[in-house]
Amino acid sequence: MRVATWNINSVKARHERLLGWLERCRPDVLCLQELKVVDEAFPSLAVKALGYDAVVHGQKTYNGVAILSRTPPEDVHVGLGDDVDDPQARLVSARVSGVHIVSAYFPNGGEVGSDKYAYKLRWMQRLRDYLDRRFDARRDQVLLTGDFNVAPEDDDVARPDAWANGVLTHPEVRDALEHVRAFGLQDTFRPFHPRGGVYTWWDYRGRGFERGDGLRIDHHYATPALAARAIGATVDRRERAPSEDINEGPSDHAPVIVEYE
DNA sequence: ATGTCAGGCGTAGCCTGA
C-alpha cells in the first residue's frame, strides 16, 4: 500500500497538477491539505474517473482536508469530535483496507506568543485526546499523516539557526508533537533518511526551493505494527518545481510518499 | 525577516494567511 500526503495549497489553483500527479504516481491513498474549497467544489468526479473515491472535509478560503483512496473508504470521521466549537476544517479520517487513515492539517501558529500559536498548541493536545479516545495503539492500525507544521529535529531544517524558535521549530511545539507521537506512533519516513537534510516545504518567499532552504514539516506517523511494514519513503521534489507543460505553479509543499508492505 | 502565492471582495488593488 502506497500512501502519499500533499499540502496542495488550493485544489482550484492546482487542479491539473492534482490529476496529473495522481495519474503519474498512482498512490493507493492520497491525503490532501489546504484544499481551500467547500465540499461541493472539490473535483470528486475527476478523481473518480482516475479510480479514486474522495472523502472531503472542505472549507471556503482556508484549510480543508481530504482522503483519496482506490479502495472504498469506510468509517469516515470529520473533525476532532470534541466539545470545542471550532469552525476550522483540519482533520478527516477514514478506514482503508483495515488502516485508519487520518489526514491532518496542523495549525501554522502565526507567530510565537500569538493567539494562533496558542491555538496550535491547544489543537495538538486536542489531537492527542482524539487519538486516545478513538484508538488503541497496540490493537489498531493508525496512520496519522499530513502537514504537521512542525520540523521535529534541527537536521529537518536546512538553516536551523535562521528558523530557530519559530512556530515550526520552537521547543514547545516540538514537545507538543512528541506528546502526540507518544500516543504510540512512529515516524515512518525518517528511518529511510537517517542523516536528515530531506525537506517537504520551501517558502515561496525568498525563493526557498531554488536556494535549497527547506524544512521537513509533512509527516507520516504510524502505529508500531504498521510502521514495521514500511519499505520505502520519498519526497517528490519534482512536483515542487515549475512545470513547462502545465500552466500552474507548484504548491509550496511537495508530496511525501511512504510505501507499506 | 520576508524578495511569493492564493483567495475574498468585487472588478483595482488592498487585505489576510501562510
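Bear in mind the structure is a predicted one, so any value in this text is a computation, not a measurement. We name chains A, B, ... by the order of the sequence lines, and we start the count at 1 in each one.
For the pair A/Arg229 and A/Tyr260, the cation-pi criterion (under 6.0 Å, within 45° of the ring axis) is not fulfilled.
Side-chain N/O atoms of A/Glu34 and A/Tyr62 include no donor and acceptor closer than 3.5 Å.
Between B/dT2 and B/dG13, the distance separating the two P atoms is 25 Å to the nearest Å. Comparing B/dA6 with B/dT11, their P atoms are spaced 23 Å from each other, to the whole Å. On the P atoms, B/dC14 is 16 Å away from B/dG3, given to the nearest whole Å.
Mapping A/Pro250 and A/Ala162 onto DNA chain B by nearest heavy atom places A/Ala162 closer to the 5' end of the strand.
Counting non-hydrogen atoms under 4.0 angstrom, A/Trp202 reaches nothing in the nucleic acid. Contacts of A/Arg14 with the nucleic acid, taken as non-hydrogen atoms under 4.0 Å apart, involve only primed sugar atoms and P, OP1 or OP2.
Taking the centre of each ring, A/His100 and A/Phe135 come in below the 6.0 Å mark.
Cluster partners of A/Leu32, using a side-chain heavy-atom cutoff of under 4.5 Å among ILVMFWY residues and allowing indirect links, are A/Trp6, A/Ile8, A/Val11, A/Leu18, A/Leu19, A/Trp21, A/Leu22, A/Leu30, A/Leu35, A/Val37, A/Phe42, A/Val47, A/Leu50, A/Tyr52, A/Val56, A/Leu68, A/Ile257.
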Fill in the blank from the handout: In 5'-to-3' order, the base (B), backbone-only (S) or no-contact (-) status of each nucleotide in nucleotides 7-18 of chain B, using a 4.0 angstrom heavy-atom cut-off, is SSS-------SB
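Every residue meeting the salt bridge (Lys or Arg N to Asp or Glu O under 4.0 Å) condition with A/Asp213, not counting sequence neighbours, appears here in chain and number order: A/Arg159, A/Arg211.
A/Asp213 has its CG atom 13 Å from the C1' atom of B/dG3, to the nearest Å.
Interatomic distance, CZ of A/Arg90 versus CD of A/Gln88, reported as 4.5 Å (0.5 Å rounding).
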